Every structure is written in C-alpha cells, then in structure tokens.
Student: 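The structure under discussion is supplied below as structure tokens; questions concerning it will follow.
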Amino acid sequence: MSAAISRMPAKRLSTGAALQAWLGRRWVQYVLLGLTAALPRIYRLGYRELIGDEAFSYLFAIKPLGQIIPTLLATEDTHSPLHYLLLHCWTKVFGVSEAAMRVPAVILGIILVLLVARLGEELGGRRVSLIAGALTAVSESQVWLSQSVRNQYEMALVFSMLSILCLLRALRSGSWRWWTAYAVLCALTVYSHYYGLFALLAQAAMMASERAYRRQLGKWLLGVLGAVLLFAPWAVVYYQRVASLWSSRFASTEVNLAEHLATIGKELTVGPGLPFASGRWVFIVALLLAAVGVWRLRRERRSLAVLLTSWLVLAALITYVVRLNREIFNTYYIAVAAPAWWLLAALGIDALLARTKGIYPLLGKAGLAALAAANIVSLGYHYYDPAAVGNRGYREMAAYIARYKMPQDIFIANYPDPCFDYYLRDVAMPRTMQPAESAGDTEKTGAALRELADKYKRLWFAPSGGSNWDPASVAETWLTGNLMQLEDAEMGALRLQAYMKFDTFTRKDGTRESIAGQLRLQGAVVLVNGRIPAMSDGYIILPAGAQVQVKLIWEALGPPSRNYTVFVHVLGQGNLLLAQHDGWPLNGERPTLTWTAGEVLEDEHTFTVPSELAGSTAHLVVGLYTSDTQERQLWSDGQDILELAQVQFR
C-alpha cells in the first residue's frame with residue numbers, strides 16, 4: 001500500500017500559489033526591491049541641469065587626483081574629500097555628462113534601499129523589510145539625492161547603515177573582525193559627510209541603553225577609537241580651516257522650532273514636490289505611524305528603538321541649531337536620517353496590519369497607501385514640474401554661444417556660478433567674472449571691463465539680476481553705458497547679452513571710413529531676427545523671411561552741410577539690388593543737419609530677406625546720398641558704397 005502511494009503523482013500547485021511561493025523567496029523580494037529603487041532613479045537621470053553644488057563637484061573631479069585635496073585646503077569648501085576622489089575616478093572612466101556623473105548616486109541609492117530592507121528584517125521581519133524598502137525606494141527626497149552628482153549624502157547613508165548592521169553583528173558574535181570592520185565603516189561615514197555623525201551618536205545612545213551591550217562597551221570604545229584614528233589625518237589638517245570658515249559664515253537668524261520640524265518632516269515624508277499644506281498632512285500621517293513603530297519597538301527591542309529615535313531627534317535638533325546660525329539652509333540635510341524615519345513608519349504599519357480585529361488593519365493599509373501615493377505624486381512634480389526641475393537655461397545658453405561665437409570673443413559671468421564652467425566647457429572661448437570680488441569696487445570693475453573691451457572684439461555677458469555678488473549691477477551698467485549692446489536675450493531663467501565697442505568696424509588698413517570729412521562710420525553690426533547671425537566660411541547666413549537689422553554708429557566730424565539719406569543694400573551679381581532700406585538716420589528723427597560736431601549716434605536700418613533668394617550669395621553695402629538731389633557721396637577710398645559683409649541666403 002505504501003509503495004502504491006509513493007508511486008502516485010504529486011499534486012501540483014496552482015499557478016497563483018506557485019507564483020506566490022516564488023515571490024515569497026527572500027532573494028526574489030530583494031531583487032524586486034532593487035528594481036523598484038532603480039526605476040525612479042534612472043528615469044530622466046540626465047534631464048535636469050546641474051545646480052551650483054553639482055557643478056562645483058565637477059570642477060573638483062576634473063582636477064588631477066593629487067591636486068584635489070590641496071585645492072580643498074585652499075578653498076572655502078569644508079567637506080571631506082571622499083566624494084570628490086570617488087567622482088574623479090568615476091569620470092575618468094565614464095565621462096562628465098550629467099547622467100554619467102549621477103550614476104554613482106543612483107548605485108548608492110539602490111544599495112541604501114536594500115540595506116534599509118535588511119535592517120527592517122532585523123527589526124521586525126520580512127513584511128517590515130518590504131514596507132521599509134519600498135517606501136525608501138519611492139521616497140521623492142531619496143530619489144532626488146540619488147539623482148545628484150553630489151553623492152556624498154547617499155554615501156554617508158550607505159556607510160551609516162552598514163555600520164549599524166556591522167555593529168549588531170559584532171555585538172552578537174563578539175568577533176574582533178566585525179569590530180574592526182565597524183571602525184572602518186564609522187570612519188568612512190564621516191569621510192562621506194560630517195552629518196553622518198548623527199547615526200554614530202545614535203549608536204552611542206543605543207550602547208548606553210542596553211545592559212547586555214554595556215558589557216561590550218570596551219570593544220565598542222576601541223572601535224570608536226579606531227574610527228577616530230582613521231579620520232584624524234583629515235581632522236588635524238582641516239580643523240583650523242573648517243573652524244575659521246564656519247565662524248565667518250555664521251549669521252544669527254530667527255527660526256521657529258515647530259516650523260522647522262514641520263518643514264523637515266515634510267521633506268522626509270514627501271520631499272519638496274507636493275504643495276506645502278498637502279505635504280504637512282501626509283507628514284502627520286507618517287508621524288503617527290512612526291509613533292506606533294516606536295511604541296512597538298520599545299516593547300520588543302528597546303535598544304533599537306533608542307537607536308532610531310535618537311538618530312531622528314539628533315538630526316532634527318542639530319540641523320535646527322545649524323539653521324539658527326547660518327543664512328543658507330537646505331531642507332534635504334535631514335535626509336541623512338531618512339532610514340530611521342521609514343523604518344519606524346514601516347514598523348508602525350506592520351503593527352497595525354498584524355492586528356486581526358477592528359479597524360487597525362484598514363488603518364495600516366490606508367497609511368501605507370497614503371505614503372506611497374503621496375510620494376508617487378511628488379515624483380511626478382520632481383520629473384515634470386518646471387519649478388521643481390529647476391532648469392535655468394544653461395544648456396540653451398551654451399548652445400547659442402557655441403553656434404554664434406567668433407574669434408576674439410570672451411564670456412563674462414556676473415557672479416561665481418560654476419555651472420557656466422560646466423556648460424561652456426566645450427566652447428573654445430576664454431571666461432572670466434566681473435566684479436572679480438563680491439560687491440566689487442565700481443572703478444575697479446569699470447577698469448577691468450574697459451581692458452577686456454580693448455582686448456576682445458565681442459563680450460558675452462550673463463547678468464546676475466541683482467545677486468549679492470553684484471547687488472548694484474555695476475558690471476551691466478558699465479557695459480550698457482560704454483559699449484554697443486548687440487543682444488539681450490532670455491535663455492530660460494537666465495539672460496544673455498552681447499556687447500561690442502562702437503568702433504568695431506574698420507578697414508584692413510585700420511582707418512575708419514568717412515564721408516567728405518563730415519561724417520565718420522565708427523562701427524557697423526549686423527543682427528538677424530534681433531540676434532547675432534550664424535556664420536559659414538566668412539558669409540553671414542540670412543534665412544528666408546528673416547528680419548535683418550544693421551546698426552550703424554556715426555560720428556559727426558563737423559556740422560554736416562546737407563541732409564543725407566542712408567542706404568543699406570544687398571547686391572547680387574552685377575550689382576542687382578536684392579533687398580534694401582533707405583531712410584534718414586534714426587528713423588527720420590535726427591536729420592544730419594541737426595548733428596553737432598563730436599556727436600555719436602546709433603542708427604538702425606531693417607529689411608526682410610526675400611524667400612526666393614535661397615542658395616545665392618550677395619554683398620551687404622552701406623552708403624549715403626543727398627536727400628534733395630539723390631547724389632551719392634564718396635567714402636574716403638573714392639567709392640560710393642562700402643561693403644559691410646558677404647551674405648549667403650538660405
């Protein structure tokens with residue numbers, strides 16, 4: 001009978017049951033969590049332009065490896081060097097595109113999700129692991145950090161989590177191997193970012209809270225001592241520099257503690273994407289769930305409840321103190337305590353789901369759904385809302401300058417924005433900044449700009465719009481008052497201007513052109529649709545239907561004896577007239593008889609490019625004739641026309 005039973009075919013599991021069993025495997029759950037973390041971090045990774053801090057990291061990363069630390073010591077950057085060293089090595093292999101430089105943060109973000117899941121399993125089992133990992137995976141604030149070139153925050157979080165897991169393993173095993181690894185991980189945490197200390201201080205609180213842990217206090221102290229010794233070389237070298245810089249940056253500000261907690265709570269829970277009022281309500285939901293999680297963990301593993309709550313409290317209070325003493329505060333600083341937040345919320349959700357009676361399971365499901373949905377909506381803002389994306393127009397500006405740049409051009413920034421250095425890195429053009437110092441001296445700035453105008457043919461300028469660097473717009477005022485403005489265009493949130501000296505147009509022999517000793521043409525500039533035209537093989541490109549503006553700078557050598565009409569003509573083969581504009585100077589408002597000796601006037605003439613001329617070439621010329629007899633006047637070379645440029649129609 002037993003033999004017959006053994007020969008009977010085993011009952012197969014249903015497809016649904018087999019799938020459920022497969023999904024229940026531990027490694028499958030971690031793979032799915034990794035994929036859940038990867039998708040929002042990879043999506044649109046290179047879409048967002050670099051912000052200032054990211055571009056600053058780029059400037060350090062492209063330096064020779066041996067110059068990174070000396071440069072840190074010589075500048076006002078107070079961060080530890082690990083982030084810059086890692087980014088340098090990465091860019092050597094994978095390049096410096098926005099997406100490429102953000103990949104290390106993506107990888108660290110995925111690892112962090114898996115580590116949160118692992119600690120969640122340690123704290124409350126597989127369901128806590130899945131909930132905590134999933135919430136961290138879709139957290140908008142964590143995705144934002146994982147899509148930043150500035151990967152130091154994610155690095156600090158990864159090493160913080162590793163140090164916690166290593167500490168728990170060392171306490172269980174007592175092995176010196178794990179205590180040694182713990183010392184190394186603690187040092188790497190602080191080398192990543194100084195805010196990693198929040199997690200390390202929380203570990204100290206955990207050690208003090210448990211009698212069993214206090215028995216191994218000596219080993220823990222030796223591990224801490226090892227971490228201190230590993231970090232000591234940087235601390236000794238940089239201590240005085242950090243202290244002096246931080247003291248100079250401190251500026252007393254008034255911040256309400258409740259408002260601070262609400263702001264960082266919203267940042268932790270849904271990031272900056274959701275409107276503030278909506279985000280606060282979701283934060284309250286998460287806070288209630290986290291409170292349930294603390295209550296549960298205190299009953300089951302009191303020391304770990306101390307670890308997570310002290311991690312959060314220390315981060316909240318220390319960032320508040322920092323905020324009181326600094327003018328600039330970024331809410332994402334609190335993200336260094338995000339694992340504690342999501343682990344406590346997951347423990348609270350799991351505690352509600354574990355209740356079999358009443359409304360508690362429904363509250364747990366509703367809380368989980370609210371947190372996940374709010375972060376998914378916030379991610380929508382993160383990806384698509386222009387205000388959240390924050391692209392300012394650097395790419396557009398760089399592409400425009402690259403298209404229209406000419407030899408003897410220079411780019412002048414109006415404030416120390418490293419994004420200009422990044423986006424103009426492939427544009428062969430010198431770059432500088434004016435004023436050279438914050439709130440620089442007016443005379444000094446004017447002298448520097450005059451020197452640049454004498455040295456370069458055309459000055460590209462990006463005004464700051466009244467920043468603290470040049471609050472009085474000294475540079476823009478000088479350029480506008482002393483040079484001819486060719487362009488003032490909006491590039492997203494940025495402005496781009498171009499300037500030339502009035503005497504730009506000269507003959508090959510260096511002499512300016514004159515008419516009968518009465519008028520002199522100091523300068524001539526051609527614009528197409530209000531912008532600097534594209535060039536090809538020495539030809540100015542004139543698209544069909546384009547509006548061409550020719551700006552002429554006239555100087556009266558003496559009181560003119562006649563009224564002259566200015567003509568701007570486009571001449572094809574055989575001097576065939578293809579396009580033109582004739583008229584009195586300044587649209588008829590200033591006949592030449594009204595000019596006085598020494599007066600300089602800017603005269604503009606506009607015409608439209610005919611569509612049927614595409615593919616042909618021509619000459620752009622200028623001249624004058626008397627308004628009453630229409631007799632053409634001769635230039636100093638004896639010709640009655642002066643060629644300004646060769647043009648090509650497209």
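Since this is a predicted model, take the numbers as computed values, not measurements. Below, all heavy atoms of this structure are taken into account, side chains as well, without hydrogens, waters or symmetry copies.
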Student: Is any side-chain N of the basic residue among Glu490 and Arg392 closer than 4.0 Å to the acidic one's carboxylate O?
Tutor: no
Student: Indicate yes or no: at least one non-hydrogen side-chain atom of Val255 is less than 4.5 angstrom from one of Tyr320.
Tutor: yes
Student: Show the nearest heavy-atom pair for residues Ala262 and Phe283, with the distance to one decimal.
Tutor: CA-CE2, 4.2 Å
Student: Gln203 and side chain to side chain donor-acceptor pair (under 3.5 Å): which partner among Tyr182, Trp311, Tyr213, Trp220?
Tutor: Tyr182
Student: Quick one: CG on Leu362 to CG on Leu352, what's the gap to the nearest 0.5 Å?
Tutor: 10.0 Å
Student: Restricting to non-hydrogen atoms, name the atom on Val116 and the atom on Leu343 that form the minimum distance, rounded to 0.1 Å.
Tutor: O-CD2, 3.5 Å
Student: Within the 4.5 Å heavy-atom criterion, are Thr309 and Leu344 side-chain neighbours or not?
Tutor: yes
Student: For Lys63, look at atom NZ and say whether over 12 heavy atoms of other residues, nucleotides or ligands are found less than 6.0 Å away.
Tutor: no
Student: Determine whether more than 12 heavy atoms belonging to other residues, nucleotides or ligands lie under 6.0 Å from atom CZ of Arg299.
Tutor: no
Student: Do Leu171 and Met206 come close enough that some side-chain heavy atom pair is under 4.5 Å?
Tutor: yes
Student: Just do the side-chain contact (heavy atoms from CB on, under 4.5 Å) check on Val143 and Val138 with the steps written out, would you?
Tutor: CA-CA 7 Å; Val143 171; Val138 299; over 6 Å; no
Student: Start with the C-alpha distance between Ile107 and Trp90, add both sets of side-chain angles, then the distance that settles side-chain contact (heavy atoms from CB on, under 4.5 Å), and finish with yes or no.
Tutor: CA-CA 12 Å; Ile107 296 172; Trp90 180 269; 4.0 Å; yes
Student: How about Phe60 and His83: are their ring centroids closer than 6.0 Å?
Tutor: no
Student: Is there a donor-acceptor contact under 3.5 Å linking the side chains of Arg150 and His193?
Tutor: no
Student: What I'd like to find out is whether the side chain of Leu188 reaches to under 4.5 Å of the side chain of Val184, using heavy atoms alone.
Tutor: yes
Student: Please name the residue in the list Glu267, Lys266, His260, Arg323 that meets the side chain to side chain donor-acceptor pair (under 3.5 Å) test with Thr331.
Tutor: Glu267
Student: If we only count heavy atoms from C-beta on, is the Trp281 to Thr269 side-chain gap below 4.5 Å?
Tutor: no
Student: Identify the residue among His382, Gln142, Arg44 that makes a side chain to side chain donor-acceptor pair (under 3.5 Å) with Gln147.
Tutor: His382
Student: Above 12 or not: heavy atoms from other molecules or residues under 6.0 Å from OH of Tyr383?
Tutor: yes
Student: Do the non-hydrogen side-chain atoms of Tyr381 and Val389 ever get within less than 4.5 Å of each other?
Tutor: no
Student: Would you call Arg301-Glu122 a salt bridge at under 4.0 Å N-O?
Tutor: yes
Student: With a 3.5 Å distance limit and no angle check, can you tell me whether Asn330 reaches the backbone of Tyr332 through a side-chain donor-acceptor pair?
Tutor: no
Student: Look up atom CG in Leu304 and atom CG in Leu119, then write down how far apart they are to the nearest 0.5 Å.
Tutor: 7.5 Å
Student: Nearest 0.5 Å please: distance from the CG atom of Leu167 over to the CH2 atom of Trp178.
Tutor: 11.5 Å
Student: Does Glu98 come within less than 4.0 Å of Arg395, counting only side-chain N to carboxylate O?
Tutor: yes
Student: Taking the side chain as every heavy atom from C-beta outward, state whether Leu39 and Tyr43 have any atom pair closer than 4.5 Å.
Tutor: no
Student: Just verifying a value: how many Å separate Met491 CE and Tyr394 OH, rounded to the nearest 0.5 Å?
Tutor: 14.0 Å
Student: Excluding sequence neighbours, so at least two apart, what forms side-chain contact (heavy atoms from CB on, under 4.5 Å) with Val285?
Tutor: Leu289
Student: Between CG of Leu59 and OG1 of Thr71, what distance do you get to the nearest 0.5 Å?
Tutor: 10.5 Å
Student: Indicate whether the side chain of Tyr58 and that of Asp421 have a donor and an acceptor atom separated by less than 3.5 Å.
Tutor: no
Student: Measure across Ala335 and Leu145 and return the closest heavy-atom pair with its distance rounded to 0.1 Å.
Tutor: CB-CD1, 3.3 Å
Student: Mind telling me whether Tyr194 and His79 have parallel, tilted or perpendicular rings, with 30° and 60° as the class edges?
Tutor: parallel
Student: List for me each residue that meets side-chain contact (heavy atoms from CB on, under 4.5 Å) alongside Ala205, sequence neighbours excluded, and say none if there are none.
Tutor: Val306, Ser310
Student: Run through Glu154, Glu54, Glu49 and flag the one making a salt bridge (charged side-chain N to carboxylate O under 4.0 Å, His left out) with Arg102.
Tutor: Glu54
Student: Evaluate side-chain contact (heavy atoms from CB on, under 4.5 Å) for Leu87 paired with Thr91, printing each intermediate quantity in order.
Tutor: CA-CA 6 Å; Leu87 189 61; Thr91 55; 4.2 Å; yes
Student: Is it possible for you to check whether Arg425 lies under 6.0 Å from the centre of the six-membered ring of Tyr422, through NZ or CZ, and within 45° of that ring's axis?
Tutor: yes
Student: When you look at CZ of Phe231, are more than 12 heavy atoms from neighbouring residues, nucleotides or ligands closer to it than 6.0 Å?
Tutor: yes
Student: Under a 3.5 Å distance rule, please check whether Thr136 uses its side chain to pair with a backbone N or O of Val113 as donor and acceptor.
Tutor: no
Student: So, Ser139 side chain and Leu135 main chain: donor-acceptor pair closer than 3.5 Å or not?
Tutor: no
Student: Between the main-chain N or O of Ser464 and the side-chain N or O of Asn414, is there a donor-acceptor pair closer than 3.5 Å?
Tutor: yes
Student: Between Ser129 and Ala117 (side chain of the first, backbone of the second, donor and acceptor by atom type, cut-off under 3.5 Å), is there such a pair?
Tutor: yes
Student: Would you check if there is a donor-acceptor pair between the side chains of Glu396 and Tyr423 at a distance under 3.5 Å?
Tutor: no
Student: Is there a donor-acceptor pair closer than 3.5 Å between any side-chain N or O of Asn391 and the backbone N or O of Arg48?
Tutor: no
Student: Where do Ala337 and Leu268 come nearest, in terms of heavy atoms and distance?
Tutor: C-CD2, 4.4 Å
Student: If you measure from CD1 on Ile68 to CG on Leu73, what distance do you get to the nearest 0.5 Å?
Tutor: 12.0 Å
Student: Please check this pair: side chain of Thr189 against backbone of Leu185, looking for a donor-acceptor N/O pair closer than 3.5 Å.
Tutor: yes
Student: Please enumerate all residues that pass salt bridge (charged side-chain N to carboxylate O under 4.0 Å, His left out) together with Arg296, with sequence neighbours excluded.
Tutor: Glu300, Asp350
Student: Which atom pair, heavy atoms only, marks the closest approach of Ser163 to Leu200?
Tutor: OG-CD2, 4.1 Å
Student: Just one of Tyr153, Phe159, Tyr333 clears the ring-ring contact (aromatic ring centres under 6.0 Å, His included) bar with Tyr195, so which one?
Tutor: Tyr333
Student: Hey, mind stepping through Val128 and Ile349 against side-chain contact (heavy atoms from CB on, under 4.5 Å) and telling me if it holds?
Tutor: CA-CA 8 Å; Val128 172; Ile349 292 170; over 6 Å; no
Student: Might you confirm whether atom CZ of Arg298 has over 12 heavy atoms from other residues, nucleotides or ligands at distances under 6.0 Å?
Tutor: no
Student: Would you indicate whether the side-chain heavy atoms of Met101 and Asn151 approach each other to under 4.5 Å?
Tutor: no
Student: Would you sort out whether Trp234 and Tyr191 count as a ring pair (Phe, Tyr, Trp, His ring centres under 6.0 Å), showing the intermediate values?
Tutor: CA-CA 9 Å; Trp234 180 254; Tyr191 268 118; 7.4 Å; no
Student: Provide the closest heavy-atom pair for Ala99 versus Leu45 in the form atom of the first, atom of the second, distance.
Tutor: O-CD2, 3.6 Å
